[in-house]
Each structure stands twice: as C-alpha cells, then as structure tokens.
Protein chains: 2
Amino acid sequence: MFRRLIESLEVLGPLTSGEREAVESLGAVSRPFAPGAELVAEGDAPAHCRLLLEGQAFRHRTLADGRRQIMSFHTPGDMIDLEGLFLPMDHGLTALTAGEVLHLPHARLLDLMDSHPRVGRRFWTMTLKDAAIFREWILNIGRRTAYVRIAHLFCEVVVRLQRAGLVDNGRCAFPITQQHLSDATGLSAVHTNRTLQALRGEGLLSLRGGELVVLDWPGLQAAGEFDSSYLHLRESAA
Amino acid sequence: MFRRLIESLEVLGPLTSGEREAVESLGAVSRPFAPGAELVAEGDAPAHCRLLLEGQAFRHRTLADGRRQIMSFHTPGDMIDLEGLFLPMDHGLTALTAGEVLHLPHARLLDLMDSHPRVGRRFWTMTLKDAAIFREWILNIGRRTAYVRIAHLFCEVVVRLQRAGLVDNGRCAFPITQQHLSDATGLSAVHTNRTLQALRGEGLLSLRGGELVVLDWPGLQAAGEFDSSYLHLRESAA
DNA sequence: CGAACAGTTGATCAGGATCAACTCGAGTGG
DNA sequence: CCACTCGAGTTGATCCTGATCAACTGTTCG
C-alpha cells in the first residue's frame, strides 16, 4: 500500500529501514474514487493528506463566470494536497480516471516528520517540485504559442506517467477531453482542437479514446521545446 | 538584522523565545546589492539561502531566443531561494532595486530545522505560499485579459508591499519598466503600454519614476478581479 | 553633445477567440 | 431494437485582442 509513497520519497536516495517503517506505520486508509470525483474542494481545510495510489487527477480553480484553469496533473505516487497540511485549499482537485487515494492524517504526518526530519524534508521537497512545475507552466502559458504549449504539456505528462511506470511503448492512458486541455493551456476549445490536429498531422502523437500515443518522441520534444530538467527527476540532496 | 525573518516566521503565530534565539543565532552574513544585480543565477546550486532584508527582486526564466518570463516579485522578509536548499535553481533572481540580502548557510538552516521542527514547518509554509502565488499567476495569465491581468498584478504587489510596511498612503516604490511588466504578464511591451494607459485613464493608478501610486483601491481591485485569499496573509496552522 | 534606454504612438498583421452548425458515438429509455 | 439525447469532437466564418514593426519623444547620464 505504501509502495508508491516510499518510491516517491526515495527518489532523493534511500530511506533507512527505521524511516521506512515509520512511514509504513502511518495510520492510513485507502479510498477508491470514480472518474470526475471531486477529491478535494476549493476552500477545504482537510484533516489528512492524500496520496494518489492509482489513477490520475488534476488541480484547478474556477472563476465566477465559469472559466476554469487547470494548474497541474497528477499521477500515482503524488501527494496531491500536502499544502493542506498548513494552508486551506485555495483550489480543488478532481479525478480524471477511477483510482484510489490513501488518506494520511495530518497529526500522524506531523509527528512522523518531527521524529524523522529527513523524511520531513522529502515531503517538503515534493511540494518544491510541484512549485517548479507551476513555474514552468507560467512560462509555458505566458510565453509559448498554442502549438508549442500543447506539445510541451504532453511531454510533461508522458514523462511523469513514465516515471510512474504507466507508459508502455509510448502508449498511456490519459483520458482528458479537449476542454481539459484548453483549461490547462489557457486556450479556447476550438483552437485546442485545431492545434491538436496540427500535432497529429505532424505525426507526433495520437489521442483517442482516452489513450495518448506518442508516435515521435524526439519530434514531440522539439515541438514542445521541452527540457525535463524542471521536473527534477533524479536530484540528489539533503 | 533578523527582524524581517522573525516577522515572516511569526505570521503563523508567535515563536517561543527558544525558537527565536535559535533563528537569531544562525550564522548569517548580510550583503548589499545594486539594482539589476543577479542575486541567484539559473543553474546555481547555492550553499546558503537568501533572506531579502531590504529592496525588491524578481524570479524569472529566459528562453533561448530571449523571451523572458517573470514568475514572481519579492519584498523584504521573503526567503527568495529556499528551494535551493533541496533542488538546483531552475530559474534566476534579479534585483529590482538596491537592497540587502542575508545569507543563511544551508547546513545551519538544516540543523536549526531538525532541532526545531516547528520552525522548519514555518519555512516550509513560506514555500507553500509562494506556490499558491504561482498557481494564481497561472490562472491570471491563462484566463484573464490584459487589462484584468495587469490590474491583478498591481493589486498583488501593493498588498505584499503593504504587508512589508512599504506602502504609504497608496504610494510605494516599484521601479519596474514596462518590459518587466510585460514579462510578468506574458504580454508584449507595446500592448502593456496601452493597457497601462487605460488603467491610468480610469484613474486607478499612476506609475512614474519608479513610484506606484494607487489612486482608487476599490476600483483597482475590481478591475483586477482581485481576491487576496490566495496570499494566505494571516493563516493560523501547525 | 550624444548615446542609450524607457516610453509612446500609429499602422498593420495574426494568433487565437467566438459563434454557430454539424457529426459521431455511447448511452438510455420506450 | 430503434429513437432520442447528450457530450465530445470537428468545421467554417468572422471578429478582436494583442503581436509586430517602425518611427519618434523624452530623459538620463557619461
């Protein structure tokens, strides 16, 4: 049950057996969810953090008039509301697929991190990596064209799904609608549709029936001006 | 010297005298900087964190062809490269004004946080608030028009400068060029110029000679669709 | 006095938004 | 089993926000 979490924590280097045991003895409850389920609502002040065990989810905020902005996508192994440990949620999290989350009580988490500072740092680092991704999105939306922007987003998603072991020969489940894509890139649905056709036309990818297939990975990276270093995939530190 | 830092840490509630002393005994060196100075370069892996004691700075990344995106502005009391504690810097920090930073060695910081977990959480929370601001910028750039976007940015800056005690009767030092403004909002310099004229024309603000004057605060907030809750100005937690 | 840079203006262009209609497939209910 | 609905995707036509290009002003500073 804690495999995903331990793996995420150990990206920065192995934990001691004591640390691993401490993590595994967090009183945790696993909960299934359905596609479209609201995992965390805007304004919530949750009493536990959620670890995404299986499935995909996204972070978003909606304006009064209905315009929506997606701020990140999440894959298994991600803590999706760690910030809720200290701040009320200023955005929501919604399930993209069916899946499962593990609920980790705040009190237990805080105790764990107090007694195992190194583990605390790993959790902190997770939120720092999320922040790095937010910054990349600011750049992506602020300074790149629709074509590059969408390609870049797909690159990121594929790399992160790959890291979670969910890409098989360029194919992965990624059941977003074009509306989701628009809301993530700050574009209109119509223009997203046309830009997607261009990407398909270049033979870079296919997206049908909830399945994303990368047909030309170098080409897609080039189209997205993608450099994965902001994902900090294998940093050593602390 | 540590007044700013203690204040920032105590936004979430007072520290104990022991915690305060521990913070104040961090071996810290203060360094002045000039306007335009590069405080942290992209790619750096610094050995200490910087606390902005005085002056303003901004976080940014530059693409190969020269397009630049500013990701945040910073005011006194901000830790500007806390993420450097665990990750190499994937962006740079540049001074907007003259000022002063305090260098806090990583090793000492980590020791402090290990022995005083509550203080560690406060630092962590600082980075979480930064992340909340990044998310707001994603929304701002992705889903708002130029006019609203720029007004929103000014609202944020004013609120943060106010919190740092740097706003006097709606007036504050904010020496950005229109190019900076464009790079922060993802707009062209020309369009930024025209949009600024519109904001001035509505009698909302004035920006001249490095001084920002808010002439109509309710009007500016309305123009920027601004709701400060994402800044988490007075959260109680942990 | 003359760079050099920030700001301003006008003219034109284009990327992407908007509006509207239509297709298609998957349910769903009669 | 078929008609209906509904959501997602697609297409065309038009509009407009904001980009681009270029020239010019004003100020500061060496």
Side-chain angles (χ1 to χ4, degrees), chain A residues 34-36 58 63 65-70 94 96-98 140-154 173-201 205-213 223 225, chain B residues 34-36 58 63 65-70 94 96-98 140-154 173-201 205-213 223 225:
Chain A
F58 60 94
L63 293 174
D65 63 0
R67 278 171 301 169
R68 181 174 69 167
Q69 179 68 45
I70 293 179
T94 300
L96 199 55
T97 67
N140 200 33
I141 297 176
R143 286 293 179 217
R144 297 203 252 242
T145 64
Y147 184 82
V148 182
R149 220 184 280 186
I150 292 184
H152 190 278
L153 175 60
F154 282 124
F174 188 49
I176 49 165
T177 63
Q178 295 184 0
Q179 186 60 56
H180 286 124
L181 246 188
S182 323
D183 289 342
T185 51
L187 299 164
S188 72
V190 171
H191 197 61
T192 297
N193 179 290
R194 294 187 168 124
T195 308
L196 257 184
Q197 291 180 44
L199 286 167
R200 279 196 285 251
L205 57 82
S206 117
L207 180 69
R208 267 200 337 266
E211 190 188 46
L212 171 64
V213 187
E225 298 171 7
Chain B
F58 61 94
L63 293 174
D65 63 0
R67 278 173 301 169
R68 181 175 68 167
Q69 179 68 45
I70 293 179
T94 300
L96 198 57
T97 67
N140 200 33
I141 297 175
R143 286 294 179 215
R144 297 202 253 243
T145 64
Y147 184 82
V148 180
R149 218 184 283 185
I150 292 184
H152 189 279
L153 175 60
F154 281 124
F174 189 50
I176 50 166
T177 63
Q178 296 183 357
Q179 186 59 56
H180 285 125
L181 245 189
S182 323
D183 290 341
T185 51
L187 298 165
S188 72
V190 172
H191 198 61
T192 297
N193 178 291
R194 294 187 167 121
T195 308
L196 256 184
Q197 290 179 44
L199 287 165
R200 278 196 284 250
L205 57 81
S206 117
L207 180 68
R208 266 200 337 264
E211 190 187 47
L212 170 64
V213 186
E225 299 171 7

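All chains are named by letter (A, B, ...) in the order of the sequence lines, taking the proteins before the strands, and each is independently numbered beginning at 1.
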Study note, to complete from the structure: Atom CZ of A/Arg208 and atom P of C/dC24 are separated, to the nearest Å, by 15 Å
Exercise for review: Determine, for nucleotides 16-23 of chain C in 5'-to-3' order, which nucleotides have protein heavy atoms under 4.0 Å from the base (write B), from only the sugar-phosphate (write S), or from neither (write -).
Suggested key: BSBB----
**Study point:** Length of the CZ-C1' vector between B/Arg67 and D/dA19, whole Å
**Key:** 13 Å
Review point. In whole angstrom, what separates A/Gln197's CD from D/dA8's P?
Key: 18 Å
Check your understanding: Any idea which heavy atoms bring A/Phe154 and A/Leu205 closest together, and the distance?
Key -> CD1-CD2, 3.6 Å
Check your understanding: Taking atom P of C/dG7 as reference, at what distance in whole Å does atom CD1 of B/Ile150 sit?
Key -> 12 Å
Check your understanding: How bent is the helix from C/dC1-D/dG30 to C/dG30-D/dC1, comparing axes over its five end pairs at each side, to the nearest 10°?
Key -> 30°
Exercise for review: In whole angstrom, give the distance that lies between atom CG of B/Leu207 and atom P of C/dG7.
Suggested key: 8 Å
Study note, to complete from the structure: Closest heavy-atom pair, B/Leu199 versus B/Ala151, reported as atoms and distance to 0.1 Å, is CD2-CB, 4.0 Å
Check your understanding: Rounded to the nearest 0.5 Å, what separation is found between the CG atom of B/Leu187 and the CD atom of B/Gln178?
Key -> 11.5 Å
Point to revise | 4.5 Å side-chain heavy-atom contact, B/Thr195 and B/Arg149 | key: no
Check your understanding: According to the salt bridge (Lys or Arg N to Asp or Glu O under 4.0 Å) rule, which pairs have a member within residues 184-198 of chain B, sequence neighbours left out?
Key -> none
Review point. A/Ile70 and side chain to side chain contact (heavy atoms under 4.5 Å, CB included): which partner among A/Thr94, A/Thr185, A/Asp183?
Key: A/Asp183
Check your understanding: Do you know the tightest heavy-atom contact between B/Ala184 and B/Ile141?
Key -> O-CD1, 3.6 Å
Point to revise | Pairwise distance CG(B/Leu181) to OG1(B/Thr192) - rounded to 0.5 angstrom | key: 6.0 Å
Practice item. Return the residues of residues 173-185 of chain A meeting this criterion: a heavy atom under 4.0 Å from some atom of DNA chain D. Order them by number, or give none. Key: A/Thr177, A/Gln178
**Study point:** side chain to side chain contact (heavy atoms under 4.5 Å, CB included), paired with A/Glu225, selected from A/Arg144, A/His152, A/Arg143
**Key:** A/Arg144
Check your understanding: How long is the line joining CG of B/Asn193 and C1' of D/dC24, in whole Å?
Key -> 13 Å
Practice item. Please name all residues satisfying side chain to side chain contact (heavy atoms under 4.5 Å, CB included) with A/Ala189, sequence neighbours left out, ordered by chain then number. Key: A/Gln179, A/Ser182
Review point. What pairs with A/Phe174 under ring pair (Phe, Tyr, Trp, His ring centres under 6.0 Å), at least two apart in sequence or on another chain?
Key: A/Phe73
